[in-house]
Amino acid sequence: MSADHSQSSATRAAARVAFVTCGELPDLDPDDQPLIPALAARGVTAEPVAWDADADWSAYGLAVVRSTWDYAKRRDEFVAWATSVPRLANPGGVIAWNTDKRYLRELAGKGVPIVPTTWVEPGDEWQPAAGGEIVVKPAVSAGSVDTGRYDLATQAGLAEAHVARLQRAGRTVMIQPYLAAVDTAGETALLYVDGRYSHAIRKGALLTGPDTGVEGLYVEEDITPRTPSADELALGERVLAALPVPAGDLLYIRVDLLPAADGPVVIEVELTEPSLFLGTADGAHDRLADAIVRRLP
Ligand SMILES: Nc1ncnc2c1ncn2[C@@H]1O[C@H](COP(=O)(O)OP(=O)(O)O)[C@@H](O)[C@H]1O
Ligand SMILES: [Mg+2]
């Protein structure tokens, strides 16, 4: 093999991108699929690869985590995989931090308003306090799986059973007030590419009652474009500033906000495998494709 030839195959390898998905979505989420022709137009070959496939990750100039929505039950395996991939967006260390929502405590410690949360560890005693509606969910979760809403006036026993079930599975449990303004105002997701604001969406309320199990990877969502308020954008910037790495180092960031009495609060920060809702905003696929190309070696 001539030196020239090996160099050109190295260049081709560097220009290949893996979009990382799960076995149940071998062709990616439809919202991500246009990224492949967008990269092709930029001279870059991209293909879907499942995170738990027997793949040679060093063959890619960049692996971009997308629809790995089956990781919640295998988080340790997923984090071990993420930290082993040489060029991953977002990086493995960030994924280790972001796949357990106890990161919300850290953000709260830095003054970021979050949904008020009681943290219940597997060995802790927990009993419902006053009335009202609460949400029970695991600290490691995605797609609203294992998440339930309970009216303590009539469903306290069901809430206790849900908490106990998660504890028995060794999971940290989050208990929150149900922020009912989501029923009318919805949830706001702010999307950033390379740390710069790109677009936003409104997500309709998702929880109707107790957790009865979800068929599949996620609960269906009602998504529409949204123009965020100045308060929401300002909170988004505070979240970015409180992250453990510079926001500009991250290919994508999604900050999810719920409306509360004194303004928006953070429900989660998605740095791992968020739906990016690229199809809801003009130019969003192109912005992400350009950011991917900038990261190639
Ligand atoms: N405290 C809450 N108040 C109102 N709705 C909530 C609350 N917590 C969760 N939800 C609803 O449940 C959905 C899933 O919860 P979330 O914390 O985003 O977990 P996941 O990581 O599964 O997306 C949210 O999009 C929202 O509709
Ligand atoms: Mg969510």
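For ligands, and for the atoms within them, numbers begin at 1 and follow the listed sequence. The residues of the chain are indexed from 1 along the displayed sequence. Both backbone and side-chain heavy atoms feed into the values below; hydrogens, waters and symmetry mates do not.
For ligand 1, the atoms sitting less than 4.0 Å from at least one non-hydrogen atom of Gln176 are 1 (N), 2 (C), 7 (C), 8 (N), numbered in the order shown with element in parentheses. Below 4.0 Å from some heavy atom of Val115 lie the following atoms of ligand 1, by number and element: 1 (N).
Residue, atom and distance of the protein heavy atom nearest to atom 5 (N) of ligand 1 are Tyr178 CE1, 3.5 Å. Nearest to atom 22 (O) of ligand 1 among the protein's heavy atoms is Ser144 N, 2.7 Å. For atom 10 (N) of ligand 1, the closest non-hydrogen atom of the protein is Leu207 CD1, 3.6 Å. Considering only non-hydrogen protein atoms, atom 3 (N) of ligand 1 sits nearest to Leu179 N, 2.9 Å.
No N or O atom of Glu270 sits closer than 3.5 Å to an N or O atom of ligand 1. Distances between N or O atoms of Ile267 and those of ligand 1 include no value under 3.5 Å. An N or O contact shorter than 3.5 Å is missing between Val135 and ligand 1 by distance.
Side chain of Asp31 to backbone of Leu278: a donor-acceptor contact under 3.5 angstrom is found. Using modelled atom types, no side-chain atom of Arg202 and backbone atom of Thr224 make a donor-acceptor pair closer than 3.5 Å. Of the possible donor and acceptor atoms, one in the side chain of Arg75 sits under 3.5 Å from a partner among the backbone N and O of Ala96. Between the Arg66 side chain and the Ala18 main chain, no donor and acceptor come within less than 3.5 Å of each other. In this structure, Arg254 contributes its side chain and Leu276 its backbone to no donor-acceptor pair below 3.5 Å.
One option in Met174, Lys101, Lys203 has a heavy atom closer to atom 16 (P) of ligand 1 than any other, and that option is Lys101. The residue from Arg149, Lys137, Glu187, Glu268 that puts a heavy atom closest to atom 18 (O) of ligand 1 is Glu268.
Residues Trp81 and Leu88 are in side-chain contact: their nearest non-hydrogen atoms beyond the backbone lie under 4.5 Å apart.
No other N/O/S atom of Glu268 lies as close to the Mg ion (ligand 2) as OE2 does.
Using a 4.0 Å cutoff on heavy atoms, Pro177 counts as a contact of ligand 1. Heavy-atom distances between Asp256 and ligand 1 stay at or above 4.0 Å for every pair.
Side-chain polar atoms of Gln167 and Trp126 form no donor-acceptor pair below 3.5 angstrom. Looking only at atom types and distance, the side chain of Trp119 has no donor-acceptor partner in the side chain of Asp124 under 3.5 Å away.
Only backbone heavy atoms of Ala142 (N, CA, C or O) come within less than 4.0 Å of ligand 1; its side chain stays farther off.
Note on ring orientation: taking the six-membered ring where Trp is involved, the planes of Phe78 and Tyr71 are parallel (angle under 30°, cut-offs 30° and 60°).
None of Arg165, Gln155, Gln127 except one satisfies the side chain to side chain contact (heavy atoms under 4.5 Å, CB included) rule with Glu160; the exception is Gln127.
Between the Mg ion (ligand 2) and Asp256 there is no N/O/S contact shorter than 2.8 Å.
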